Amino acid sequence: MGTSTSKKCLRSLSFFITFVFVFISSASCVASAEEAGALLQWKTSLQDHRSRLTSWTSLHSSNTTSPCTWFAISCNTAMSVIKINLTKSGLQGTLSGFSFSSFPNLEHFDLSMNSIFGTIPPQISQLSKLVYLDLSCNRLNGSVPASVGNLSNLAYLDLCRNYLNSSIPLEMGNLSSLVELHLNTNNLTGSIPSTLVNLKRLRLLYMYENMLAGSIPLDIGNMVSLRNISLHDNNLSGAIPASLCDLRNLTLLELYRNNLSGPIPENIGNLKSLLVLNLMENNLSGPIPLSVGNLSKLQVLYIRDNPLSGSIPEVIGNLMNLIVFRVARNNLTGYLPENICKGGKLEYFTANGNSLIGRIPKSLRNCTTLYRVRLDGNQITGNISEDFGVYPNLDYIKLSDNKFYGEISDKWGKSLQLTNFEIAGNNITGSIPPELGNLTQLHLLNLSSNHLVGKIPMELGRLTLLVKLMLNGNQLSGGIPQELGSLTDLEYLDLSTNNLSLPIPSSLGNFMHLHHLNLSNNMLSQKTPYQLGMLLQLSVLDLSYNSLDEEIPTEFFGLDSLVTLNLSHNNLSGGIPGTFDKLHGLEFVDIAYNQLHGPIPNNKAFQEAPIEAFLGNKGLCNATGLQPCPSKKRPNSKVSFKIVYLVVPPVVGALIIASCGIYIPLLRRKKRQQTEECDMPPKEFELRLISIFGGKLLYEEIIKATEDFDDSYCIGRGGFGRVYKAKLPSDDLVAVKKFHSPCDGERSFQMEFLNEVRALTEIRHRNIVKLYGFCSHSRHSFLVYEYLERGSLFSILANDEEASKLDWSKRVNIIKGVAHGLSYMHSDVSPPIVHRDISSKNILLDAEYEACISDFGTAKLLEQDSSNWTTVAGTFGYVAPEFAYTLKVTEKCDVYSFGVLALEVIKGQYPNNILIGSLLSPALSREGKIPVELLDGRLPPPTDKVLDEIFTILKLAVPCLHANPKFRPSMLDASQIITLEFSQIENDRQRAEFMFG
């Protein structure tokens, strides 16, 4: 009986278990089917550029029962989706088609590093079990939905690197499980919600690079688990809360580039775990607290660019782990700490722009770890020879504008890694040691405004990487060494105000990159070498106050970039070459006190120069304040007639033969233009009206605004025409690109170009210059673009002062912007557009240094049913090498040019073959090791996050510059890598610090 009952119970239990299993399986199948359907529905709204979602197919057609085997999908044992990881999958689309309610068990949702745009739907709160949410590095805009505060299980939230533009919702303070919060690099406004102080488990708080205002919450000290705080690059104001110093676990505190005021909290020394303290570029005042000496683990201390006062505390010497110490541009006084390098780890020490006194501490003299030192702009004294040692790792030292004395020791020639050596504006005597010629990595040498004597060592000719050489304001004698001609990378040379004599060596004509040459106030003699006319990049030429004689070289007509020309106070004779008429970029000229005669060139700079620029010459004429040139008289003597008879015919004959190749084509071109104007009636023009100007952008307004394209409005020149700045009656500024009058053979090309321009009017991207309209007219053909205040990237990089403002973060952002724009042209436009002339001259910057691709004069639309063969176009040095054997246009042509441009932005100048070789060297393959020759020496070396970003860019440039276009990445891939990959590197670095720090 018992046995029978037991068997019945077992059968019943077995039946029940089977029923439950079937029921659960059935429910799981239904749930899986619903989740699969939701995923497939969302897939239809996405563009899958990398074909990652090919496994997402209909369950019926693939004979599967769930989406659990699909790419990026993970499920629990009940076959319900718990994880979607689509990071870096090349997806484009929105979240509006995603059915959040269909995923009740989803715990991990990662869409980072894609091109997801639109807003974050408030329905995201329906993912009630969500623990990990990463939507970073996309194109999301709008607000952070308040409903996010309902995700009570959320531990990780990353919305960084989007375009979110709302305030941070108060409800975010409800996320009691949150451990990491990344809201950085958006356009968030408003204040930091006080409710965030309730997040007791939060360890990482990243809100940097937004537009947050107001003060830091006073009770921030309640967030006891915080380890990393980054609030930099906002508009935060008020004092640093004292409670912040209660965060005993804090390892990273970055509050720089805000408007914080008041003193550094006296109890800052309580942060015993702190590794990085960065408070630079605020309005902090008062002294550096003595408690800083208690930060025994501190490695990086940035407090530069504040109005801090008092002296640098001696307790800084207690920081045995200090690597970076920057206190530049404060109001600090007193002496340098005696034990500043006691720990033996100091690499970066910048205290420039203060009022420090005294001598160099002994610990600094023996600090062999030093990499970068700036003490310029103080009142520090001491013997330049005795107070400094040999620094095997030193890359940059600037001691200018102090009170150093003594002679330059030959031991400076042993710091072989030096790229910048500046000791200008001191009381240094003696000669320049020839051992400086051993510093073969040197990019900048500035010994100006001292009391140096003797000759310029010919050994300086070994400094072949030198970009800037300034020896002006000394008492150097002898001639300019011919050996300096080997400095072919030189861009800036100033030897003025010395006692140099002898002729100017012709080897100076080798400086093909030179834009500034000043040899004034010397005793240089004999004729001016014609080779100086080969310096096509030259913008400043000053040879004044010398003893130069003979005529001005006619070869100077090729100096198209010349802005300033000073030849005054010499013994120059003859006339001013008539070819100077063509130097349209010239703005300042001074030729006073020579022996020149004849007419002044018909050039704006000459014609508008003050009379003082022409005084002291024999017979200059035809300019304001000068007498008119006398009319020519016919010779009346037999001797004169005989000379004319014997000399003139052969000379004229030679000139006629030599000029035929010039004048005949000009006459033919003029005839073609006249014929074409007859063929095209004056009324034939088209101008698209854009609503931004209320439909009032008219042909006549452009003509009036530029005074019929007068040279005074010209702001740029190119192979296709000139660019003018025009202010319309509406006060709007526009850039007008006027094309040269087309020849007969160019007409078909111009029509093709206008067709492409019509396509460009339909595209809109923040990194592509906006085309407002265009006009095709028999008299003038032009395009109307938005006006970008800062001009071309090329002009900024060529100007030391402007380039120094272009810090590493701005440069990375420029490269990101160009990558975004090209990716859009190649991947998001149909048919794709290839620019074909990506170079620094065609990248324009707005007031905020945002990059815009411009000049589509050579752009090509890639039609699917066309061969897409064309003629060679582009700027020499940027053109892909395959153009040597094929003329087929592909997107990979732009990728190559982009690789060159990326190197140029990081280096600050066009990368020659040596630099590209350095890029491909094994040094770059080692993590974080960037060859110094790839970096712009005008900027401080990059550190922290931006160093990783630059390293990523340089690694990407390697495949972009591959000789075989097949092995170059697409611009879509390059864009995502540049803008997103280093974000992942930063996250990994911070997590490593969190786990092991």
Side-chain angles (χ1 to χ4, degrees), residues 467-470 472 490-496 504 508-509 511-521 528 530-546 548 552-570 572 576-592 594 600-610 612-614 623-624 710-718 722-725 735 788-806 840-841 844-845 908-910 938:
V467 173
K468 206 168 186 179
L469 175 60
M470 290 175 285
N472 50 292
L490 208 60
E491 297 177 5
Y492 191 106
L493 176 61
D494 193 341
L495 305 179
S496 64
I504 299 173
L508 298 195
F511 303 151
M512 301 309 295
H513 302 293
L514 200 69
H515 61 79
H516 184 108
L517 177 59
N518 191 346
L519 305 179
S520 64
N521 290 280
T528 308
Y530 72 87
Q531 288 87 350
L532 296 186
M534 300 166 63
L535 306 179
L536 303 183
Q537 303 295 326
L538 203 61
S539 60
V540 174
L541 176 60
D542 192 344
L543 304 178
S544 62
Y545 290 92
N546 278 289
L548 300 172
I552 301 172
T554 56
E555 288 81 3
F556 279 14
F557 81 93
L559 301 177
D560 289 333
S561 300
L562 204 60
V563 176
T564 298
L565 175 64
N566 193 343
L567 303 176
S568 65
H569 295 86
N570 279 286
L572 299 171
I576 305 172
T579 52
F580 275 31
D581 292 353
K582 299 179 181 180
L583 299 181
H584 298 298
L586 203 59
E587 296 179 3
F588 174 86
V589 64
D590 190 349
I591 55 173
N594 281 286
I600 296 297
N602 186 21
N603 173 287
K604 185 177 180 180
F606 278 95
Q607 293 297 323
E608 297 182 359
E612 290 78 9
F614 306 122
T624 304
D710 186 80
D711 281 351
S712 61
Y713 294 90
C714 183
I715 57 175
R717 300 170 176 81
R722 295 185 175 189
V723 180
Y724 298 82
K725 178 181 176 181
L788 296 172
E789 296 89 330
R790 297 194 181 274
S792 74
L793 174 62
F794 174 83
S795 63
I796 290 178
L797 292 176
N799 184 300
D800 284 352
E801 183 177 353
E802 292 299 320
S804 65
K805 299 175 185 177
L806 205 63
S840 57
K841 291 184 178 179
L844 304 181
L845 304 181
Q909 64 183 41
Y910 174 77
R938 295 172 293 187

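All of these numbers come straight from a predicted model, not from anything done at the bench.
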message: Check this for me: Phe580, atom CZ, are more than 12 non-hydrogen atoms of other residues, nucleotides or ligands nearer than 6.0 Å?
response: yes
- prompt: Do Arg938 side-chain atoms and Gly908 backbone N/O form a donor-acceptor pair below 3.5 Å?
  reply: yes
- prompt: Can you tell me how far the CE atom of Met512 sits from the CG atom of Leu490, to the nearest 0.5 Å?
  reply: 13.0 Å
message: Quick check for you: to the nearest 0.5 Å, what is the distance between Thr528 atom OG1 and Glu555 atom CD?
response: 11.0 Å
query: Of the non-hydrogen atoms in Pro577 and Thr554, which two are nearest, and what is the gap between them?
result: CG-CA, 4.1 Å
message: Restricting to non-hydrogen atoms, name the atom on Ala609 and the atom on Phe614 that form the minimum distance, rounded to 0.1 Å.
response: CB-CZ, 3.8 Å
query: If we only count heavy atoms from C-beta on, is the Glu491 to Gln909 side-chain gap below 4.5 Å?
result: yes
query: Hey, is the main chain of Leu538 close enough, under 3.5 Å, to the side chain of Ser561 for a donor-acceptor pair?
result: no
statement: Rounding to 0.5 Å, atoms CG (Leu562) and CD (Glu587) come to a distance of 10.5 Å
- request: Calculate, to the nearest 0.5 Å, the distance between atoms CD and CG belonging to Glu802 and Leu797 respectively.
  value: 10.5 Å
task: Verify, without hydrogens or angle tests, whether Asn603 (side chain) and Leu586 (backbone) share a donor-acceptor contact under 3.5 angstrom.
output: no
- prompt: Can you name the closest pair of heavy atoms from Phe511 and Leu493 and give their distance?
  reply: CE1-CD2, 3.9 Å
- prompt: Tell me, do Thr564 and Asp542 make a side-chain contact under 4.5 Å, heavy atoms counted?
  reply: no
Minimum heavy-atom distance between Ser792 and Ser840, given as atom pair plus value: CB-O, 4.0 Å
- prompt: Do the non-hydrogen side-chain atoms of Ile504 and Leu543 ever get within less than 4.5 Å of each other?
  reply: yes
- prompt: Would the number of heavy atoms belonging to other residues, nucleotides or ligands and lying under 6.0 Å from CZ of Phe557 be above 12?
  reply: no
- request: Look at the side chain of Asp581 and the backbone N and O of Thr579, then say whether any donor-acceptor pair between them is shorter than 3.5 Å.
  value: no
- request: Would you mind reporting whether Leu548 and Leu572 have side-chain heavy atoms less than 4.5 Å apart?
  value: yes
- prompt: Can you name the one residue among Leu517, Leu519, Leu514 that meets side-chain contact (heavy atoms from CB on, under 4.5 Å) with Leu532?
  reply: Leu517
message: Treating Asn521 as the side-chain partner and Ser496 as the backbone partner, does any N or O pair qualify as donor plus acceptor under 3.5 Å?
response: no
task: Working to the nearest 0.5 Å, report the span between NZ of Lys468 and CG of Asp494.
output: 9.5 Å
- prompt: Do the side chains of Phe606 and Ile591 get nearer than 4.5 Å, heavy atoms only?
  reply: yes
- request: For residues Leu541 and Leu559, report the shortest heavy-atom separation together with the two atoms involved.
  value: CD2-CD1, 4.4 Å
query: Between Leu845 and Ile796, is any pair of side-chain heavy atoms under 4.5 Å apart?
result: yes
task: Would you check, one step at a time, whether the test side-chain contact (heavy atoms from CB on, under 4.5 Å) holds for Asn518 with Val540?
output: CA-CA 8 Å; Asn518 191 346; Val540 174; 5.8 Å; no
field: Where Arg790 and Ser795 come nearest, the two heavy atoms and their spacing
entry: O-OG, 4.5 Å
query: Hey, what do you get for CG (Leu844) to CG (Leu793), rounding to the nearest 0.5 Å?
result: 9.0 Å
- request: Spell out, as yes or no, whether a donor-acceptor pair under 3.5 Å connects the side chain of Ser544 to the backbone of His569.
  value: no
- prompt: Is it true that a side-chain atom of Gln607 and a backbone atom of Pro601 form a donor plus acceptor pair closer than 3.5 Å?
  reply: yes
